[in-house]
Amino acid sequence: MSNNQKKRNFQIEAFKPKEVVDPKYAEKTWKILENAIHEIYNHIAGGLNLEELYHNAGGLNFEELYRNAYNMVLHKFGEKLYSGLVSTMTLHLKEISKSIEAAQGGLFLEELNRKWTDHNKALQMIRDILMYMDRTFIPSNHKTPVHELGLNLWRDNIIHSSKIQMRLLNTLLELILIERTGEVINRGLMRNIIKMLMDLGPSVYQEDFEKPFLEVSADFYRVESQKFIESCDCGDYLKKAERRLNEEIERVSHYLDAKSEAKITNVVEKEMIANHMLRLVHMENSGLVNMLLDDKYEDLGRMYNLFRRVPNGLSTIRDVMTSHIRDTGKQLVTDPERLKDPVEFVQCLLDEKDKYDKIISLAFNNDKTFQNALNSSFEFFINLNSRSPEFISLFVDDKLRKGLKGVSEEDVEIVLDKVMMLFRYLQEKDVFEKYYKQHLAKRLLSGKTVSDDAERSLIVKLKTECGYQFTSKLEGMFTDMKTSQDTMQGFYTSHGAELGDGPTLAVQVLTTGSWPTQPSVTCNLPAEMSALCEKFRSYYLGTHTGRRLSWQTNMGTADLKATFGKGQKHELNVSTYQMCVLMLFNNAERLSYKEIEQATEIPSPDLKRCLQSLACVKGKNVLRKEPMSKDIGEDDVFLVNDKFTSKFYKVKIGTVVAQKESEPEKQETRQRVEEDRKPQIEAAIVRIMKSRRVLDHNNIIAEVTKQLQSRFLANPGEIKKRIESLIERDFLERDNADRRLYRYLA
Amino acid sequence: MCKQLDRLVVLDLPPGQVTRALAADFAGVAFVRGTQPPFTIFKRVKFNIGGKIFETTATTLANAGRNSLFGAMFDDNWNLQTDRPDEYFIDRNPDCFAVLLDLLRSGELYIPSNIPEKLLYREALFYGLLDHVRSAKWGQFDGNRLGLSRSVTGRAPDDGTAIRAGPDGGCCVAHGSMVHVYDWMLEEHPPINLDYQRVNDIGWIDSDGIVIGACERLGRGDSGMALFNASTGELRHRFHVTHENQVKSYTAGALSFSSDYKIFSSCKGRSNEYGIGVWDQATGQQIDFYYEPAGWSLGDADKLQWLHGTNCLLVATLFPRKDNCYISLLDFRDKSMVWTWSDIGALETVDEKRVRDAIAMEDTNSICVVNEYEDLGFMDLRSSVGSVRWSSRSRLMKGKMPDEPCYPKLALHEGQLFSSMNDSISVFCGPDWVLTSRLRRSYGGSICDFSIGGDRLFALHSEENVFDIWETPPPPII
């Protein structure tokens with residue numbers, strides 16, 4: 001009821017105040033704000049102080065400006081305020097643009113920078129006044145916020161103005177060019193200008209600067225790299241490229257966007273490295289091969305670090321290095337001069353390996369792929385020479401005989417480790433084993449080994465590398481040596497008294513199978529000796545029943561005391577054969593070759609060698625030969641050389657033996673190796689077939705090869721033969737339906 | 001806000017490095033621009049607000065941040081004159097200023113009963129302090145500490161369809177074909193409609209954008225789904241479904257949004273357009289469509305939920321045109337259903353356990369479902385075919401159903417599970433989902449929908465045209 005009354009009361013309705021009283025309110029308020037914006041620009045540009053601003057702006061202060069802007073928005077004049085802001089700011093920016101355009105030469109950038117700083121300051125103040133609009137009107141009407149608007153207008157009216165855009169870009173690029181030629185530029189100013197472009201948005205920076213910058217840089221480096229490559233050697237070129245790269249990185253850190261670093265270094269990499277990669281690597285007299293030859297670690301390191309930045313860079317270096325190592329290695333292992341001295345040969349390999357290890361560690365950052373390339377290269381060329389296993393074993397033999405005298409334990413280990421490294425490259429490890437066994441036997445039997453520890457250490461290494469099976473026989477040899485020592489002690493304890501002053505006997509009892517034995521004929525020992533030997537035989541067989549002893553007279557040594565014509569006394573260190581020959585002269589003045597051969601029954605080639613070393617070697621010629629000549633003839637006659645003299649009391653008379661194997665011996669070893677491989681291949685086949693039951697031919701070959709590769713590289717033809725042999729012996733059968741399949745027969 | 005942080009950080013810098021820091025000036029730590037100190041240290045500031053004098057310290061004002069009236073006013077850009085005024089005059093309401101000054105001093109908001117909230121908000125907006133008011137108004141959300149803050153009565157003629165909380169405390173409410181939008185101050189903005197077609201689902205893609213999924217407008221090849229400006233109500237974009245390069249008309253059902261700016265909606269078209277459509281929020285273009293496999297109703301789905309951890313979409317069809325309910329997880333990358341469940345065959349035996357809502361809980365790799373008696377059930381997502389393990393917690397509820405019952409709805413918020421039933425909302429916590437709180441209000445009848453967001457819970461009643469706002473109060477003084 002009362003409501004009705006109120007509604008009827010027109011007076012109250014009429015008194016409701018309108019939102020804006022003054023129809024010119026909006027225009028007036030805008031004028032105040034517009035004036036304030038002008039004053040802000042003038043004040044900042046002209047250094048007017050706020051007091052003047054205060055007066056010029058009609059006595060307004062911040063609070064009043066803020067309130068005016070607030071009221072305009074509140075009274076729905078936001079649109080007017082906003083568009084007024086756009087046009088006023090545009091007006092100012094157009095003027096600013098003119099003053100920047102008018103700036104002469106070098107002042108251009110400075111003026112631009114100064115105006116930019118001013119604009120930012122003004123923008124901040126304008127935004128302060130219009131804060132309420134920024135907060136309410138702008139988001140709900142999808143307008144650009146004041147700050148962003150200020151940047152956009154600056155971009156459109158200044159940076160993209162036709163008279164500034166190209167000039168700015170050219171100025172910037174020119175300054176960078178000047179800096180590239182080594183002069184100093186105002187980096188602070190550059191930084192400010194670039195920062196401005198970045199503040200205007202990533203697209204402005206990219207389109208108005210970065211893209212052209214990269215293009216110009218590409219041109220610059222294309223020309224420069226062409227000039228360098230014509231005039232510099234590889235090392236110098238790389239130095240220059242590296243310096244350029246660092247300069248560009250430094251430039252980015254000083255005044256460009258950090259994101260540009262990858263892009264500009266990409267340009268330098270492409271123009272200076274990628275485009276000239278092959279030419280650099282193969283550069284005559286200074287390319288990669290020369291660097292490798294001369295151990296130029298610094299240059300190599302530089303090349304590595306630069307090339308790694310470009311696609312295929314490292315593989316290019318690696319390929320050239322690999323083929324170089326393969327070539328030089330191949331030359332090395334096939335050079336007949338080198339083959340004359342196995343120790344020198346292996347030392348060369350080790351030196352070569354050391355050289356490249358050092359290069360890889362110093363220059364190539366210990367790159368795994370480079371190490372692999374090095375290893376595969378060594379593997380490649382070492383196996384080109386079938387005598388490599390023998391030579392490596394000879395090298396070890398040399399080292400263990402004498403080479404390691406006076407060398408510390410650590411150094412011994414280093415040498416042995418290096419040898420093991422070469423050993424790893426070998427494909428025919430079983431051949432190495434054969435030779436190693438022979439050489440070890442000789443060392444052990446002649447008591448020539450320098451260090452038991454070193455010997456055992458190497459065997460442990462071989463064991464970890466190839467397994468128990470590989471070294472079991474070698475270890476057996478060591479056991480035999482030890483047992484023999486004990487046996488001899490036992491022999492002399494029980495028989496010592498009855499033997500008296502007679503010759504001393506030291507017997508090494510070798511287990512058949514563990515040692516490399518040559519089927520040899522036992523020679524006739526001198527009576528004294530053979531009696532002693534018989535005693536030992538009966539002693540030994542008495543303690544070890546069921547064994548058989550056979551004398552290996554070709555492997556023994558003897559020490560003889562001899563008195564010559566004028567009473568010169570010497571102790572002669574000779575082989576068993578030589579002893580047998582010399583002992584004959586206790587009972588005879590002169591003996592013919594035939595007589596000696598008859599009495600000793602030493603096989604003819606051995607006897608000839610033995611006589612040669614007794615009669616024909618200068619300084620060691622305890623026998624005289626008639627007629628005097630270098631070779632031993634069937635009709636020669638031998639006498640004791642009464643005039644024999646020597647500075648030493650002990651005289652070692654070596655047998656003339658080739659340390660290296662002779663051709664027939666080599667053939668023989670090879671044959672034995674092949675023979676030994678057969679059971680191993682068969683065992684592998686059976687092992688594989690037992691677990692697989694059925695397998696086709698190609699897979700058997702592959703698996704057998706894989707299983708045996710730690711010992712040797714099995715020949716597919718040989719594997720095939722073994723399979724056939726196993727089929728004959730009913731271990732396997734061919735599948736009836738598919739002839740390529742083999743079946744295991746349990 | 002970012003600016004504001006900047007300013008506060010500056011306080012910690014040694015004096016020599018500060019050049020134009022408002023906060024530092026006020027704190028009396030540094031001079032402005034070294035050479036000529038026009039005004040030096042002023043620790044105390046005097047204001048004349050609408051005739052009433054206030055005195056405060058510079059540090060208190062620094063709490064307003066640079067992006068406020070005070071921040072600008074005391075920036076050295078505006079303070080180059082040599083003599084400072086004794087007091088700063090601002091032509092505003094002194095009572096509200098007192099409240100806001102107190103907010104700057106203590107960080108807490110206390111509104112005396114004689115000041116209308118709306119007045120205070122307006123004043124705060126003038127000073128640029130509205131964000132401060134907003135964050136001091138109510139505390140961080142905790143389902144167990146909620147209190148009823150307000151009830152808002154609308155003018156819609158129809159039953160409520162859905163209510164959705166906005167990201168910063170506002171909400172939108174769908175009634176029939178109309179969507180009413182409220183900001184965090186609960187000020188109503190212009191309502192939204194899509195060709196006045198029945199609205200099926202609504203959702204906020206950000207603080208200023210609302211997507212509406214609506215029924216097809218028969219005979220016009222239109223409607224479907226559209227994006228609106230939340231504050232102005234204007235239509236910003238209409239999303240289309242194209243099939244074999246032809247734009248098709250469709251009905252949009254349930255909606256969901258992913259963190260990588262995709263919009264998902266269940267779609268029903270005229271012929272082949274049954275399934276789940278995917279659109280890009282930025283371009284508004286359709287980018288994918290998961291066609292409904294035979295015997296599976298995706299187009300009828302009532303609930304979609306994007307799973308951020310597994311990049312899958314949960315699709316639940318619980319009120320189907322056919323007889324069965326389906327829940328599945330779709331992987332759009334290879335167009336596969338990585339997990340499925342349906343109640344085919346299960347219904348005859350346990351008739352009362354009809355699933356009415358489902359929600360995936362990624363932390364526990366499970367899906368929680370609820371039946372019409374508010375029994376909760378759980379399914380393991382790790383076994384590829386789901387089966388429900390019911391917990392028979394709430395059988396007590398049976399028998400006392402209200403006249404106009406509403407099906408239960410589920411929500412999950414930071415480890416707390418919410419379930420609406422009739423006129424109350426239950427809160428469950430802990431690994432075994434123990435009932436910890438119950439929200440109830442006597443007026444308005446059953447709750448037909450509720451939503452949590454912007455640290456608020458909104459509950460829409462079905463009988464009366466009213467929705468409630470539940471908030472966690474600010475932390476206690478001590």
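A note on names: the letters A, B, ... follow the listed sequences, proteins ahead of strands, and every chain is numbered from 1.
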- Task: Just do the side chain to side chain contact (heavy atoms under 4.5 Å, CB included) check on Gln124(A) and Arg66(B) with the steps written out, would you?
- Result: CA-CA 11 Å; Gln124(A) 174 69 46; Arg66(B) 177 62 181 83; 2.6 Å; yes
- Query: So which part of Asp208(B) gets closer than 4.5 Å to some heavy atom of chain A, the side chain, the backbone, both or neither?
  - Reply: side chain
- How many angstroms lie between CZ in Phe62(A) and CD1 in Ile90(B), if you round to the nearest 0.5 Å? 9.0 Å
- Task: Report yes if some heavy atom in the side chain of His142(A) is under 4.5 Å from a heavy atom in the side chain of Asn229(B); otherwise report no.
- Result: yes
- Query: How close do Arg67(A) and Asp91(B) get, heavy atom to heavy atom, and via which atoms?
  - Reply: NE-CB, 3.7 Å
- Message: Less than 4.5 Å to any heavy atom of chain A: does that hold for the side chain of Leu125(B), its backbone, both, or neither?
- Response: both
- Query: Side chains of Leu69(B) and Tyr132(A): does their closest heavy-atom pair fall under 4.5 Å?
  - Reply: no
- If you round to the nearest 0.5 Å, how far is CZ of Phe89(B) from CD of Glu64(A)? 9.0 Å
- Within 6.0 Å of NZ in Lys195(A), more than 12 heavy atoms from elsewhere: no
- Query: So, Arg135(A) side chain and Phe126(B) main chain: donor-acceptor pair closer than 3.5 Å or not?
  - Reply: no
- Message: On a heavy-atom basis, which atom in Arg122(B) and which in Tyr70(A) lie closest, and how many Å separate them?
- Response: CG-OH, 4.0 Å
